[in-house]
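Reviewing the structure listed below.
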Amino acid sequence: MTATPDPKRRRLGRWLAARTGWDEIAAALRAREIPAPGMARHFLGEATLFLLAAQVVTGLLLALHYIPAATDAHESVQALLTQVPHGRLVRSLHYWCSHLLVGCLGLHLVATFVARAYAPPRELTWISGWLLFGLAVAFAFSGQLLPWDEHALAVGRVGTGLIGEVPLVGGVLVRLVAAGPTVTGATLARAAMAHVALLPLLTLLGLGLHLWLVHVHGVTPPPGYESQPPAARPRVSFVAVFLPRSALVMVALASLAFALAVFFPAGHGPPATLVGATAVDARPEWYFLFLYQTLRSVPPKPVVTAALVLGTALLVLPFWDRAPAGARRRRLVLGFGVALALYVVVATVWGLVR
Amino acid sequence: MSKPASPTPAARPAPSRRELLLRALDAGLLLGGVGLVGAGAVGVTRFVLPPPAAAAERVVRVRIADLSLTGNPDGLYAVRFLYQGQPAIVVRRSPAEVAAFVAVCTHLHCVVHYDDVSNRLVCPCHQAAFDLTGRPVAGPPQAPLARLAIVKQDQEYVWVSAP
């Protein structure tokens, strides 16, 4: 389909459109419509994407001042906070956007799970989202080590210890992640490399696939939507309605991030010492607290094994909960998901109030 | 298998010498490719996974002359040191006896500390405690702390090694 040239458009616009195929992209975007009921749910994916972009920008800025070596890392962060203009703000924005990103990603997962968005033909969309979720966890884990203060090291030790509890391959995984049997300065170098090079690259690939698949299959329609005749389906324009509203969501998120960064700047503790000079509780960020609380009463091996089983179950969910199997499996999956979500919420709150 | 339409191998024309040579070449290339990828994978794995504690010293000398038995406000009942990259600790159990441990909690790998009030090694993460033989006495840990052997001792130093 060739786009008709717009006589009113300026010469540069025509020149660019003819060389980039922009008109076809614009036409496809303009023709795009999404179901009106339940539209709010789709802001979660959009918000996650926006926060990821914010992480890229603030992360690139931080990388200009951060030195990824155990001897210099802590001091370089200290210098960033005390000497670099707006250093504290940029670091705190990166910190708080990571929290908001994890929150939006978690809600996005819950929303797509409840909407059964993994149903055919969107299995691969779900699987690419699953991969991106795993990458987000790896981002959070590697990023928390980088300030190299004593709390970062303590959390890094616990996390690495948990990786070591993975059945069969735990020891090899620890050597892969920590560059040895335990966390040392070499681990920091690896975490920094993963955080700024490997994980962004993989995320870019995974995100490309995810967004392409969303483009190909569209968003999951609400229940009963497709049984209506096509002309009667309530829907809104993606460009004219959804994008402006999601821009509002982004403005709200950006304001929240700025407020949090200004009023609750990210902390920086005393430098890490491998020998462990002072007693430090390795309490993780709120999104890992439910694990930490669970580990208070359950030994690490079963907890890690259960997490792996649950992760695998989420991965193969599209192939198990399928239409021919009927409503029983769907109820089972939903019930189990609700129970798990309740547990995570209760354990997190329990951890927060302790 | 017994379909009448399927041609038996004998019915196919014998491959020419050129075809045979090309097939042998394909097989050779495939084999070589697999070999190269395999060798590369082994090399990359070795590159990525460092050898376990190769150059680290087996025996570490720790100064204990400052270890006190009389209530010292600075808590000098224990000396911390690094053993092969891991936090380790020497504690004085009696006037004559010291013991050394890897100071890593057997529950979640947090670093344990000597607490002079309870005379125990405590973990700040889930409030676990070990007695001075390394046995877990409170909290989630099931396993005792890893003991390090005292291979030699004088008034000023102990020499510590893996058991």
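Proteins come first, then strands; the chains are lettered A, B, ... in the order of their sequence lines, and each starts at number 1. Below, all heavy atoms of this structure are taken into account, side chains as well, without hydrogens, waters or symmetry copies.
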Picking from [options], which has the most non-hydrogen pairs under 4.5 angstrom with chain B?
options                        : answer
A:A154, A:G159, A:A179         : A:A179
A:G161, A:A186, A:A279         : A:A279
A:V155, A:L176, A:T160, A:T184 : A:L176

- [ ] Please state whether the rings of A:H74 and A:H268 are parallel, tilted or perpendicular, taking 30° and 60° as the class boundaries.
- [x] parallel

- Please work out whether the ring planes of A:H99 and A:W286 are parallel, tilted or perpendicular, with thresholds of 30° and 60°. tilted

Cut-off 4.5 Å, heavy atoms of chain A, and the answer for B:H113 is side chain

Interface check, chain A: of B:Q86, B:Q127, B:R80, most non-hydrogen pairs under 4.5 Å belong to B:R80

Among B:V122, B:V104, B:L49, B:T45, the residue with the most heavy-atom pairs under 4.5 Å to chain A is B:L49

Under 2.5 Å between the SG atoms: is that true for B:C125 and B:C110? yes

Considering only heavy atoms, which portion of [X] lies under 4.5 Å from any heavy atom of chain B: side chain, backbone, both, or neither?
X      : answer
A:R283 : neither
A:A282 : both
A:V172 : both
A:V280 : backbone

Nearest heavy-atom contact between A:Y292 and A:D281 is OH-OD1, 2.6 Å

For this session: Might you work through the side-chain contact (heavy atoms from CB on, under 4.5 Å) test for A:H210 and A:L132, ending with a clear yes or no?
Result: CA-CA 9 Å; A:H210 196 66; A:L132 288 167; 3.8 Å; yes

Exercise. Under 3.5 Å, side chain of B:Y83 to main-chain N/O of B:A162, donor-acceptor pair present?
Worked result: yes

ask   = Side chains of A:F133 and A:L314: does their closest heavy-atom pair fall under 4.5 Å?
value = no

